[in-house]
Engineer: 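Take a look at this one; I'll ask things after.
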Amino acid sequence: SLTLESATEKRDELQSKRLPRLHVKAFTGGLIVALFILVGILGPGLAPRDPNKQEVAAMRQKLLEGHPNRSTLFDLKHDRGGLIDVEFAVQYLVLAHAHTEAGLTGNIGNLALLKLAARLGLVNGNRAQAPHDAYRRFRQLQHGLRLQGERYARVEPDTVAEPRQAVLELWKEVMGT
(Lines give C-alpha, C1' and ligand atoms only; values in the text may rest on other atoms or scores of the structure.)
Protein backbone atom coordinates (compact mmCIF):
# COMPACT_ATOMS: atom_id res chain seq x y z
CA SER A 1 0.00 0.00 0.00
CA LEU A 2 1.30 3.43 -0.95
CA THR A 3 1.92 5.75 1.98
CA LEU A 4 3.17 9.29 2.07
CA GLU A 5 6.40 8.10 3.70
CA SER A 6 7.08 5.34 1.16
CA ALA A 7 6.19 7.65 -1.71
CA THR A 8 8.52 10.34 -0.43
CA GLU A 9 11.36 7.83 -0.03
CA LYS A 10 10.82 6.51 -3.56
CA ARG A 11 10.66 10.04 -4.97
CA ASP A 12 13.91 10.99 -3.23
CA GLU A 13 15.59 7.81 -4.47
CA LEU A 14 14.52 8.40 -8.05
CA GLN A 15 15.41 12.08 -7.99
CA SER A 16 18.87 11.22 -6.68
CA LYS A 17 19.26 9.13 -9.84
CA ARG A 18 18.36 12.22 -11.87
CA LEU A 19 15.22 10.69 -13.32
CA PRO A 20 12.53 13.02 -14.67
CA ARG A 21 10.79 15.17 -12.12
CA LEU A 22 7.83 13.41 -10.55
CA HIS A 23 4.31 14.68 -10.84
CA VAL A 24 2.96 15.24 -7.35
CA LYS A 25 -0.73 15.57 -6.63
CA ALA A 26 -1.75 16.28 -3.06
CA PHE A 27 -4.98 17.56 -1.63
CA THR A 28 -5.10 19.36 1.67
CA GLY A 29 -7.79 20.50 4.05
CA GLY A 30 -8.81 19.19 7.43
CA LEU A 31 -7.53 15.97 5.92
CA ILE A 32 -4.22 15.64 4.09
CA VAL A 33 -4.27 12.94 1.45
CA ALA A 34 -1.09 12.41 -0.50
CA LEU A 35 -2.78 11.17 -3.62
CA PHE A 36 -1.05 9.65 -6.60
CA ILE A 37 2.39 10.89 -5.63
CA LEU A 38 4.45 8.53 -7.73
CA VAL A 39 2.92 9.07 -11.14
CA GLY A 40 6.40 9.74 -12.49
CA ILE A 41 7.62 6.20 -11.82
CA LEU A 42 4.88 4.68 -13.93
CA GLY A 43 6.50 5.50 -17.23
CA PRO A 44 6.86 3.04 -20.11
CA GLY A 45 9.06 0.06 -19.40
CA LEU A 46 8.15 -0.05 -15.73
CA ALA A 47 5.68 -2.41 -14.15
CA PRO A 48 2.07 -1.25 -14.40
CA ARG A 49 0.19 -0.37 -11.27
CA ASP A 50 -3.45 -1.34 -11.07
CA PRO A 51 -4.95 1.37 -8.91
CA ASN A 52 -7.83 0.19 -6.79
CA LYS A 53 -10.95 2.11 -7.80
CA GLN A 54 -12.59 1.49 -4.44
CA GLU A 55 -9.60 3.01 -2.62
CA VAL A 56 -9.63 6.04 -4.90
CA ALA A 57 -13.39 6.44 -4.42
CA ALA A 58 -12.92 6.10 -0.64
CA MET A 59 -10.27 8.85 -0.69
CA ARG A 60 -12.67 11.03 -2.65
CA GLN A 61 -15.42 10.34 -0.13
CA LYS A 62 -13.13 11.28 2.78
CA LEU A 63 -12.34 14.56 1.08
CA LEU A 64 -16.05 15.19 0.56
CA GLU A 65 -16.74 14.47 4.22
CA GLY A 66 -13.90 16.78 5.22
CA HIS A 67 -15.61 19.67 3.44
CA PRO A 68 -19.31 19.34 4.23
CA ASN A 69 -21.64 21.68 2.40
CA ARG A 70 -24.69 22.30 4.54
CA SER A 71 -26.07 24.96 2.21
CA THR A 72 -28.45 24.47 -0.70
CA LEU A 73 -25.80 25.84 -3.06
CA PHE A 74 -23.46 23.76 -5.21
CA ASP A 75 -19.84 23.91 -4.06
CA LEU A 76 -17.86 24.19 -7.29
CA LYS A 77 -14.82 22.48 -5.83
CA HIS A 78 -15.93 19.93 -3.25
CA ASP A 79 -19.44 18.73 -4.12
CA ARG A 80 -19.98 15.66 -6.27
CA GLY A 81 -19.79 16.70 -9.91
CA GLY A 82 -17.33 19.49 -9.11
CA LEU A 83 -13.69 20.25 -9.72
CA ILE A 84 -12.29 17.56 -7.44
CA ASP A 85 -14.22 14.82 -9.24
CA VAL A 86 -12.53 15.82 -12.50
CA GLU A 87 -9.13 15.89 -10.78
CA PHE A 88 -9.58 12.46 -9.18
CA ALA A 89 -10.85 10.91 -12.44
CA VAL A 90 -7.92 12.32 -14.42
CA GLN A 91 -5.37 11.22 -11.84
CA TYR A 92 -6.88 7.74 -11.77
CA LEU A 93 -6.45 7.55 -15.56
CA VAL A 94 -2.82 8.62 -15.13
CA LEU A 95 -2.18 5.94 -12.53
CA ALA A 96 -3.91 3.25 -14.54
CA HIS A 97 -2.32 4.00 -17.93
CA ALA A 98 0.94 5.92 -17.52
CA HIS A 99 2.96 2.69 -17.75
CA THR A 100 1.97 2.43 -21.43
CA GLU A 101 1.35 6.08 -22.30
CA ALA A 102 4.36 8.27 -21.51
CA GLY A 103 2.48 11.48 -22.25
CA LEU A 104 0.36 10.93 -19.18
CA THR A 105 3.37 11.43 -16.91
CA GLY A 106 3.84 15.05 -17.95
CA ASN A 107 2.97 17.82 -15.54
CA ILE A 108 0.63 19.39 -18.11
CA GLY A 109 -2.47 20.02 -16.01
CA ASN A 110 -5.80 18.30 -15.65
CA LEU A 111 -7.41 19.73 -18.77
CA ALA A 112 -4.55 18.73 -21.05
CA LEU A 113 -4.39 15.28 -19.42
CA LEU A 114 -8.13 14.82 -19.96
CA LYS A 115 -7.80 15.77 -23.63
CA LEU A 116 -4.86 13.40 -23.99
CA ALA A 117 -6.81 10.58 -22.32
CA ALA A 118 -9.60 11.14 -24.84
CA ARG A 119 -7.16 11.12 -27.78
CA LEU A 120 -5.70 7.87 -26.46
CA GLY A 121 -9.17 6.35 -26.23
CA LEU A 122 -9.05 6.01 -22.44
CA VAL A 123 -12.32 7.92 -22.17
CA ASN A 124 -15.03 8.61 -24.70
CA GLY A 125 -13.70 11.48 -26.77
CA ASN A 126 -17.13 12.97 -27.34
CA ARG A 127 -17.91 12.78 -23.63
CA ALA A 128 -14.55 14.23 -22.53
CA GLN A 129 -15.17 17.70 -23.97
CA ALA A 130 -18.13 18.48 -21.71
CA PRO A 131 -16.30 17.83 -18.40
CA HIS A 132 -13.31 19.69 -19.84
CA ASP A 133 -15.55 22.69 -20.47
CA ALA A 134 -17.22 22.22 -17.06
CA TYR A 135 -13.85 22.28 -15.30
CA ARG A 136 -12.91 25.51 -17.07
CA ARG A 137 -16.29 27.09 -16.29
CA PHE A 138 -16.15 26.05 -12.63
CA ARG A 139 -12.66 27.55 -12.30
CA GLN A 140 -13.86 30.82 -13.87
CA LEU A 141 -16.86 30.97 -11.54
CA GLN A 142 -14.66 30.12 -8.55
CA HIS A 143 -12.21 32.87 -9.45
CA GLY A 144 -15.02 35.42 -9.86
CA LEU A 145 -16.53 34.51 -6.49
CA ARG A 146 -13.15 34.79 -4.78
CA LEU A 147 -12.61 38.23 -6.34
CA GLN A 148 -15.97 39.26 -4.87
CA GLY A 149 -14.72 38.21 -1.45
CA GLU A 150 -16.91 35.12 -1.11
CA ARG A 151 -15.67 32.63 1.46
CA TYR A 152 -16.96 29.64 -0.47
CA ALA A 153 -17.18 29.08 -4.21
CA ARG A 154 -20.85 28.10 -4.28
CA VAL A 155 -23.56 28.76 -6.82
CA GLU A 156 -27.23 27.95 -7.37
CA PRO A 157 -27.32 24.31 -8.52
CA ASP A 158 -29.58 24.98 -11.51
CA THR A 159 -27.00 27.41 -12.98
CA VAL A 160 -24.48 24.58 -13.41
CA ALA A 161 -26.72 21.52 -13.71
CA GLU A 162 -25.53 20.55 -17.20
CA PRO A 163 -21.77 20.89 -16.63
CA ARG A 164 -22.12 19.17 -13.26
CA GLN A 165 -23.88 16.25 -14.96
CA ALA A 166 -21.03 16.04 -17.49
CA VAL A 167 -18.53 15.70 -14.65
CA LEU A 168 -20.66 13.03 -12.96
CA GLU A 169 -20.78 11.09 -16.24
CA LEU A 170 -16.99 11.29 -16.56
CA TRP A 171 -16.66 9.97 -13.00
CA LYS A 172 -19.01 7.11 -13.80
CA GLU A 173 -17.15 6.23 -17.00
CA VAL A 174 -13.72 6.28 -15.33
CA MET A 175 -14.57 4.98 -11.88
CA GLY A 176 -17.63 2.86 -12.68
CA THR A 177 -19.68 4.27 -9.78
Engineer: How far does CZ of R60 sit from NE2 of H78, to the nearest 0.5 angstrom?
Structural biologist: 8.0 Å

Engineer: Is any side-chain heavy atom of T177 closer than 4.5 Å to a side-chain heavy atom of K172?
Structural biologist: no

Engineer: Closest heavy-atom contact between A96 and H99?
Structural biologist: O-CE1, 3.1 Å

Engineer: Between V94 and T105, is there a side-chain heavy-atom distance shorter than 4.5 Å?
Structural biologist: no

Engineer: Find the distance between CD (E173) and CZ (R127) and round it off to the nearest 0.5 Å.
Structural biologist: 4.5 Å

Engineer: Report the relative orientation of the aromatic rings in F88 and W171; use parallel for angles under 30°, tilted for 30 to 60°, perpendicular for over 60°.
Structural biologist: tilted

Engineer: Distance from I84 atom CD1 to N110 atom CG, nearest 0.5 Å?
Structural biologist: 11.0 Å

Engineer: Given the rule that I, L, V, M, F, W and Y join up when any side-chain heavy atoms are under 4.5 Å apart, are M59 and Y92 in one cluster?
Structural biologist: yes

Engineer: Is there a side-chain contact between D79 and H67 (heavy atoms, below 4.5 Å)?
Structural biologist: no

Engineer: Do E87 and R139 meet the salt-bridge criterion of a basic N to acidic O distance under 4.0 Å?
Structural biologist: yes

Engineer: Heavy-atom distance under 4.5 Å between the side chains of L170 and V174, does that happen here?
Structural biologist: yes

Engineer: Are L104 and L116 packed together at the side-chain level, in the sense that at least one heavy-atom pair is separated by less than 4.5 angstrom?
Structural biologist: yes

Engineer: Is the shortest side-chain heavy-atom distance between L83 and Y135 below 4.5 Å?
Structural biologist: yes

Engineer: When clusters are formed by joining ILVMFWY residues with side-chain heavy atoms under 4.5 Å apart, either directly or through shared neighbours, do V167 and M175 land in the same one?
Structural biologist: yes

Engineer: Any side chain to side chain donor-acceptor pair (under 3.5 Å) pairs touching residues 111-126, not counting sequence neighbours?
Structural biologist: none

Engineer: Can F138 be reached from L111 by stepping across I, L, V, M, F, W or Y side chains whose heavy atoms are under 4.5 Å apart?
Structural biologist: yes

Engineer: Should L120 and V123 be regarded as members of a common hydrophobic cluster, given that ILVMFWY residues are connected when their side-chain heavy atoms come within less than 4.5 Å of each other, either directly or indirectly?
Structural biologist: yes

Engineer: Could you pull out all residues at least two apart from R146 that satisfy side chain to side chain donor-acceptor pair (under 3.5 Å)?
Structural biologist: none

Engineer: Could you list the donor-acceptor pairs under 3.5 angstrom formed by side chains in residues 147-163, with sequence neighbours left out?
Structural biologist:
residue : atom : partner : partner atom : Å
R154    : NE   : D75     : OD2          : 3.2
R154    : NH1  : N69     : OD1          : 3.3
T159    : OG1  : E156    : O            : 2.6

Engineer: Using the rule that Ile, Leu, Val, Met, Phe, Trp and Tyr join whenever any side-chain heavy atoms are under 4.5 Å apart, tell me whether L93 and L168 fall into a single cluster.
Structural biologist: no

Engineer: Taking NZ in K53 as the centre, count heavy atoms belonging to other residues, nucleotides or ligands within less than 6.0 Å. Is the count above 12?
Structural biologist: yes

